[in-house]
2 protein chains.
Amino acid sequence: MLSSSSKYAVNAVLYLAVHSNDKNKIRAKEIAEAIKLPSPFLSKLLQSLSRENIISSSKGPTGGFYLTKQALNTPLIEVVNIIDGTSRLEDCVLGLKKCSSEQPCPVHYSVQPLKQKFRKELQENISVFAEKVKNGEAYLFV
Amino acid sequence: MLSSSSKYAVNAVLYLAVHSNDKNKIRAKEIAEAIKLPSPFLSKLLQSLSRENIISSSKGPTGGFYLTKQALNTPLIEVVNIIDGTSRLEDCVLGLKKCSSEQPCPVHYSVQPLKQKFRKELQENISVFAEKVKNGEAYLFV
DNA sequence: TAAATTTGGGACTTAATTGTCTTAATTTTT
DNA sequence: AAAAATTAAGACAATTAAGTCCCAAATTTA
Ligand code: FES
Ligand code: FES
């Protein structure tokens, strides 16, 4: 449902949400080891997110990636949108040019409401999902 | 959410459900033209479905692909399962080895029920979706 | 029986995604 | 000022998905 890249990106962002802040930056390599991922590839994803100001970064020794307090209030879906674009979650499931009730495909009324709810659930802020990890309700990279 | 291949396959199967029967077989080329798809590629998809007995086929002139009456009672999701496998709709959205409530990822409780409903909706028989096309409630390949 | 038509199967090509590597720019420490 | 550590950027390689092609097998028609 999501590309591998955006799965990695979401995991990494939630890892940052749990472990980092502006006083405690985390190197790409550390995250990559934690979530068992090739570090150069993760770096590229983090750079994309940083370029779009979803996460923050700083160079040099003691540098790394981190989330500011206000960044925690970003809807999680924005991470997906930057890596995958929006079409994956919005396009017609059967490939029609446009997903609409004017010209619905045969499965439209069965699945369109679910697609919409899916996007809505991912509109929750990063902090909401990070909180679940912090208090042991949910797990990353297992 | 589905691969391009299984989108094509579902479209083609529903086209057959609407237009074919054991007395009226349809050539791959005709379907490919109707749903605007490269015919050799569609042929391979139809052959996979035929091998798994989701659809029927016969060779030679007057040959082609078709759906028997009982084939109309196949759950639509089987088409997807044959082309994509089941994992795409069952695996953890964030890429955990296993999607489960014992070891849930941070978005599990938000999206797992939706994934399940999605699969359930596609359990409806092929005939149910074909009927919508026949009576003008839904459209193929637009 | 021969020719024509269609599916079946597999090798091959192309395109997209995923992953790696090299070098530059920035910052900190010494 | 120099060295070390880190992100930034982009070229390159490998893998997977998508699409093409060729020829064999089966069936119908003449
Ligand atoms: S038209 Fe196909 S999902 Fe909406
Ligand atoms: S564990 Fe991630 S969706 Fe169920």
Side-chain angles (χ1 to χ4, degrees), chain A residues 1-13 16 20 22-33 35-68 80 82-85 87-88 91 95, chain B residues 1-13 16 20 22-33 35-68 80 82-85 87-88 91 95:
Chain A
M1 307 182 86
L2 305 181
S3 72
S4 299
S5 294
S6 64
K7 288 178 191 174
Y8 298 157
V10 168
N11 271 289
V13 165
L16 286 174
S20 83
D22 45 355
K23 292 291 168 214
N24 184 25
K25 297 156 195 167
I26 304 187
R27 288 169 301 129
K29 202 178 175 189
E30 179 184 330
I31 306 174
E33 278 163 10
I35 71 186
K36 282 151 197 122
L37 195 69
S39 130
F41 188 53
L42 177 63
S43 293
K44 281 187 66 173
L45 297 174
L46 293 174
Q47 282 164 31
S48 301
L49 295 172
S50 172
R51 222 178 295 126
E52 302 285 336
N53 300 311
I54 301 289
I55 68 179
S56 309
S57 70
S58 72
K59 296 180 183 176
T62 79
F65 295 94
Y66 60 101
L67 285 182
T68 61
V80 176
I82 282 168
I83 304 295
D84 279 354
S87 63
R88 202 166 181 124
D91 286 359
Chain B
M1 306 181 89
L2 305 182
S3 72
S4 298
S5 294
S6 65
K7 289 178 192 174
Y8 299 157
V10 168
N11 270 289
V13 165
L16 286 175
S20 82
D22 45 356
K23 291 291 167 214
N24 184 25
K25 297 154 193 167
I26 304 188
R27 288 169 300 130
K29 202 178 174 189
E30 179 185 329
I31 306 174
E33 279 163 10
I35 71 185
K36 283 152 199 125
L37 196 70
S39 129
F41 188 51
L42 177 63
S43 293
K44 282 189 65 173
L45 298 173
L46 293 174
Q47 282 165 30
S48 301
L49 296 172
S50 172
R51 221 178 295 128
E52 303 285 337
N53 299 311
I54 301 289
I55 67 178
S56 309
S57 69
S58 71
K59 295 179 184 176
T62 79
F65 296 93
Y66 61 102
L67 285 181
T68 60
V80 175
I82 283 169
I83 305 294
D84 279 354
S87 64
R88 203 167 182 122
D91 285 359

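Here is the naming used below: chain letters follow the sequence lines, and residue numbers restart at 1 for every chain.
Within the structure, a side-chain polar atom (N or O) of A:R51 is placed less than 4.0 Å from OP1 or OP2 of D:dA9.
Looking at heavy atoms from C-beta onward, A:Y8 lies in side-chain contact with A:L37 at the 4.5 angstrom threshold. Side chains of B:E33 and B:S39 form no contact here, defined as non-hydrogen atoms less than 4.5 Å apart. Within the 4.5 Å cutoff, the side chain of A:S56 has no heavy atoms near those of the A:L67 side chain. Using a 4.5 Å cut-off on side-chain heavy atoms (C-beta onward), A:I55 and A:T68 make no contact.
For B:P40, whose side chain is taken as the heavy atoms from C-beta onward, the closest listed nucleotide among C:dT18, D:dT7, D:dT20 is D:dT20. Relative to the side chain of B:K44, the nucleotides C:dG9, D:dG19, D:dT7 differ in distance, and D:dG19 lies closest.
Protein atom CG of B:L49 is 14 Å distant from nucleotide atom C1' of C:dT7, rounded to whole Å. One atom, CG of B:L42, and another, C1' of C:dT6, lie 14 Å apart when rounded to the nearest Å. Atom P of nucleotide C:dG9 and atom CD of B:Q47 are separated by 7 Å, given to the nearest angstrom. Rounded to whole Å, atom P of D:dT7 lies 11 Å from atom CG of A:L16. We find that CD1 of A:I55 is positioned 8 Å from P of D:dA8, with the value rounded to whole Å. For the pair A:Y66 OH and D:dT6 P, the computed distance is 16 Å after rounding to whole Å. Here C:dT18 presents its P atom at 8 Å from CG of A:D84, a figure rounded to the nearest Å.
A side chain to side chain contact (heavy atoms under 4.5 Å, CB included) with A:I54 is found for one member of A:I82, A:L46, A:L16 and no other, namely A:I82.
Residues passing the side chain to side chain donor-acceptor pair (under 3.5 Å) test with A:S57 are A:S50, sequence neighbours excluded. Applying the side chain to side chain donor-acceptor pair (under 3.5 Å) rule to A:E30 yields the partners A:Y15; only residues at least two apart in sequence or on another chain are considered. B:D91 meets the side chain to side chain donor-acceptor pair (under 3.5 Å) test with no other residue; sequence neighbours excluded. In this structure B:S58 satisfies the side chain to side chain contact (heavy atoms under 4.5 Å, CB included) test together with B:K25, sequence neighbours excluded.
Listed by residue number, there are no residues of residues 4-11 of chain B with a heavy-atom contact under 4.0 Å to DNA chain C.
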Letter per nucleotide, 5' to 3', of nucleotides 24-30 of chain D [B base touched, S only sugar-phosphate touched, - untouched; heavy atoms, 4.0 Å]: --BBBS-
